[in-house]
Amino acid sequence: VLPLAALLAPSAAVPLLCAWGAIQAGFTWALLRPRGGLLGPNLERAEVEPARIALTFDDGPRADGTDALLDRLAAAGARATFFPVGVRARACPGPLRRAIAEGHGIGNHTQTHPLLWAAAGRRRVLAEVGEAQAALADATGVTPRWFRPPMGHKNMHLAEALERHGLRQVTWSLRSYDTLLRNTGRVARRVLRNVRGGDIVLLHEGLADRRGREGAGGGLGLLLQGLAARGLTPVTLDALLAGPAAPAAPLPRARPAGAAPAGRAS
Ligand SMILES: [Zn+2]
């Protein structure tokens, strides 16, 4: 309407087009922002949780990487949640079955990980979510209850897909930047510098294969040691976010008033 009004009233064209541009920019910001719930509910962290966090690994599974990741987690007695891509789960179900057997969780991360997820139409969104849900259930026998959008981008048609499959959208409260930082030690140190109880930490699988450098998996030992030193236990998203169904968390120390970490930049 605003561009049409600008055509019909040239004298007011500049403010009308400025208003139209501002609306477009605001809507684009809401679509591309990983955190925030302007376009539907989005879980980012557990609000009252002093001693547990969730490590999440996106974009697997990898025939040459996921087992090593599971070895490191097992050695530390840590649990994580994996957000595999549906087509990769179909091609390589073994590591996912092992992950489930060893107490880890899985979530839906779409069937093909579309780069233009924010612009995907209704049919595409329903297909991506539904096909991934079936692929993960076939691969593991477990039906996911969490959904993480590609790149954390939002989509106007997602709510219908989530409701259809009983999924809840979850992004993260702490980004590791393992897709950007070249040094795995820096990835671990960045997470350890910022992590707090209740955080959901974003990590990725398989970066070494795709970009010729080692991803967060290489720094995972350092990360797990640092978390233990801080008294933080990595648990699954189910355990961290399930509310009354989750095991009661110990309360080793009181959180000072005003120290709630919500809203922290990541
Ligand atoms: Zn991803």
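Excluded from the calculations below are hydrogen atoms, water molecules and symmetry mates; all remaining heavy atoms, backbone and side chain alike, are included. Throughout, residue positions are numbered sequentially from 1 according to the sequence presented. Ligands are counted one by one from 1 in listed order, and the atoms in each one are counted from 1 as well.
Trp146 and Asp238 are linked by a side-chain donor-acceptor pair at a separation below 3.5 angstrom, with hydrogens and angles left out of the test. A side-chain donor-acceptor contact under 3.5 Å links Glu128 and Thr112. With no hydrogens or angles considered, a side-chain donor-acceptor pair links Arg148 and Thr56 at under 3.5 Å.
Taking backbone and side chain together, His113 holds an N, O or S atom under 2.8 Å from the Zn ion (ligand 1). Using a cut-off of 2.8 Å, one finds that Asp59 contributes an N/O/S atom close to the Zn ion (ligand 1).
In this structure, Phe57 and Phe82 have parallel ring planes: the angle between them is below the 30° cut-off, well short of the 60° mark.
Within His109, the N/O/S atom positioned nearest the Zn ion (ligand 1) carries the name NE2.
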